[in-house]
Amino acid sequence: MQNRNNINRIDALRADTTLPAEDLRALLLSMTQEDEEYLYRNAREVREQYYGKDVYLRGLIEFSSYCRNDCYYCGIRRSNEKAQRYHLTKAQILECTDTGYALGFRTFVLQSGEDLSYSTEEICDIVRAIRAQHPDCAVTLSIGEKTRAEYEAYYDAGAQRYLLRQETSNPGHYGKLHPPELSIENRKRCLQDLKEIGYQVGCGIMVGSPWQTPDNVIEDLCYMKALQPQMIGIGPFIHHKDTPFRNMPDGTLTDTIHLLGILRLMFPDVLLPATTALGTIHPLGREKGILAGANVVMPNLSPKGVRAKYMLYDGKICTGDEAAECRRCMERRIESTGYHVVVSRGDHPNFR
Ligand code: SAM
Ligand code: FES
């Protein structure tokens, strides 16, 4: 049965994209199945106003599994001695982008742990080489917390987008997920620097991370409202057997798509991925994400031989497929939802 109050809240959110915290709390906690269907229908209508039926592809290249950080949730954290480490050379990364280009990718996302073996100049050199080889493509970096000068150098080299999830904007909660040397203040400083430099910025959280409360999620929504990111990446927290959070419960499909729907109404033109973690938690997770308002997918372009080594959480999907298989599989999945993938850079509307 529909809850009239929730329907009114969904209508209000669609009309002006902000709601008092108590209404957001009610939307997070008290939706019936019919309310959720109403939310997703509205989310789809809003995404279609901005993006039609298009779904953008990002080719994800996980180029290093080394990390100096020790985030308690993450499978490639420094202290995980069982993690298999690798890093790709510039030539290997360029092979991935060449393969990706032939498959119709026009955005490459270079992601890694915080691997200090690549100097700033080496990262810039890789970015420049990709932009020179494929001038019609965008390069996105997702390589963690850096100085403003480093972010400026990458931008000058041709990187135009940066993904850095805040993970949680509440300092107390942040402290439960990370060791003391990491701070939410520095994470937010990074996001602010990235925005000021002119990047298209992606932030985001893990849904259902250990000790996350509805109030934490509301705080994240408020933080993101103030930041105005161009992309918001969310996916369920999934435990990894060799981390301190091995026994923690995973985030759920329902909570993740629920939040995707709310995000679409609060941030009508934002780029919103249906993530790999969502596809890991449920075989049709990414399709359900698309039907809840997401408009981006990120198939894996990493060389087949290293994929299983970038194991952020248990059961991560798509670790055994070639790039071409992943691309075809994704196309079929998206078409099954009534949407379609497009060959496009897929910039945010304000950056076209
Ligand atoms: N080092 C970069 C950084 O910290 O932003 C990028 C790599 S990091 C592995 C990318 C994202 O993976 C993180 O922002 C985090 O949200 C996600 N992640 C890590 N461990 C996870 C887990 N156990 N479950 C779900 N997502 C996870
Ligand atoms: Fe560094 Fe996860 S702890 S990437």
Side-chain angles (χ1 to χ4, degrees), residues 58 60-81 83-87 109-118 123 140-146 150-151 154 159 161-169 173-174 177-179 181-184 186-191 194 199 201-212 220 229 231-253 255-256 259 273-282 285 298 300 302 307 309-317:
R58 316 300 198 201
L60 181 62
I61 303 167
E62 299 159 330
F63 69 94
S64 166
S65 66
Y66 285 88
C67 190
R68 66 168 162 165
N69 289 336
D70 222 10
C71 307
Y72 301 144
Y73 44 82
C74 184
I76 60 169
R77 63 197 296 267
R78 172 182 81 218
S79 297
N80 181 9
E81 287 170 9
Q84 294 179 281
R85 308 291 174 178
Y86 69 93
H87 27 215
V109 180
L110 302 190
Q111 191 182 83
S112 68
E114 289 195 17
D115 180 349
L116 297 183
S117 72
Y118 297 88
I123 297 287
T140 305
L141 292 177
S142 176
I143 58 177
E145 297 176 28
K146 305 283 175 182
E150 286 170 304
Y151 289 145
Y154 308 146
R161 306 179 187 156
Y162 205 101
L163 305 182
L164 185 80
R165 292 181 178 179
Q166 78 271 26
E167 315 296 358
T168 172
S169 38
H173 187 218
Y174 195 92
L177 304 182
H178 301 94
E181 65 270 18
L182 294 175
S183 75
I184 185 59
N186 195 49
R187 204 88 182 157
K188 287 182 177 172
R189 188 274 305 159
C190 290
L191 284 161
L194 291 162
Y199 283 96
V201 172
C203 62
I205 64 171
M206 288 177 290
V207 178
S209 61
W211 302 288
Q212 185 183 63
D220 280 308
M231 295 174 262
I232 300 179
I234 66 160
F237 159 75
I238 303 174
H239 71 278
H240 185 292
K241 62 181 177 12
D242 301 315
T243 64
F245 289 169
R246 61 180 65 82
N247 294 320
M248 293 294 184
D250 294 340
T252 65
L253 169 79
D255 287 349
T256 309
L259 190 57
T275 55
T276 306
L278 189 54
T280 299
I281 207 80
H282 187 283
M298 301 173 71
N300 202 318
S302 312
R307 286 192 191 187
K309 299 181 183 168
Y310 199 83
M311 201 47 86
L312 304 182
Y313 42 78
D314 287 355
K316 184 164 172 257
I317 54 168

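Both ligands and their constituent atoms are indexed starting at 1 by order of listing. Throughout, numbering of the chain's residues begins at 1 and tracks the sequence.
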Residue that, paired with Glu62, satisfies salt bridge (charged side-chain N to carboxylate O under 4.0 Å, His left out) out of Lys309, Lys316, Arg307: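 It is Lys316, the one option of Lys309, Lys316, Arg307 that forms the salt bridge (charged side-chain N to carboxylate O under 4.0 Å, His left out) with Glu62.
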Whether Tyr199 side chain and Tyr151 backbone form a donor-acceptor pair below 3.5 Å: yes
Backbone of Lys241 reached by a side-chain donor or acceptor of Asp314 within 3.5 Å: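 Answer holds: yes.
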Criterion side-chain contact (heavy atoms from CB on, under 4.5 Å) on Ile143 and Tyr154, from CA distance to verdict: CA-CA 11 Å; Ile143 58 177; Tyr154 308 146; 3.8 Å; yes
Distance, nearest 0.5 Å, that separates CG of Leu60 from OG1 of Thr140: 10.0 Å
Per-ligand residue contacts, ligand 1, heavy-atom threshold under 4.0 Å: Tyr73, Cys74, Gln111, Ser112, Gly113, Ser142, Gly144, Leu164, Arg165, Glu167, Arg187, Met206, Pro236, Phe237, Ile238, Tyr310, Leu312, Tyr313
Which residues share a side chain to side chain donor-acceptor pair (under 3.5 Å) with Tyr162, sequence neighbours left out: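 Side chain to side chain donor-acceptor pair (under 3.5 Å) check on Tyr162 returns nothing, list empty.
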Partner set under side chain to side chain donor-acceptor pair (under 3.5 Å) for Gln84, not counting sequence neighbours: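 By the side chain to side chain donor-acceptor pair (under 3.5 Å) rule, Gln84 matches no residue at all.
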From His173, Arg165, Gln212, residue fulfilling side chain to side chain contact (heavy atoms under 4.5 Å, CB included) relative to Ile205: Gln212
4.5 Å side-chain heavy-atom contact, Ser209 and Phe245: no
Distance below 2.8 Å from atom 2 (Fe) of ligand 2: protein N/O/S atoms: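 Cys74 SG, with waters left out.
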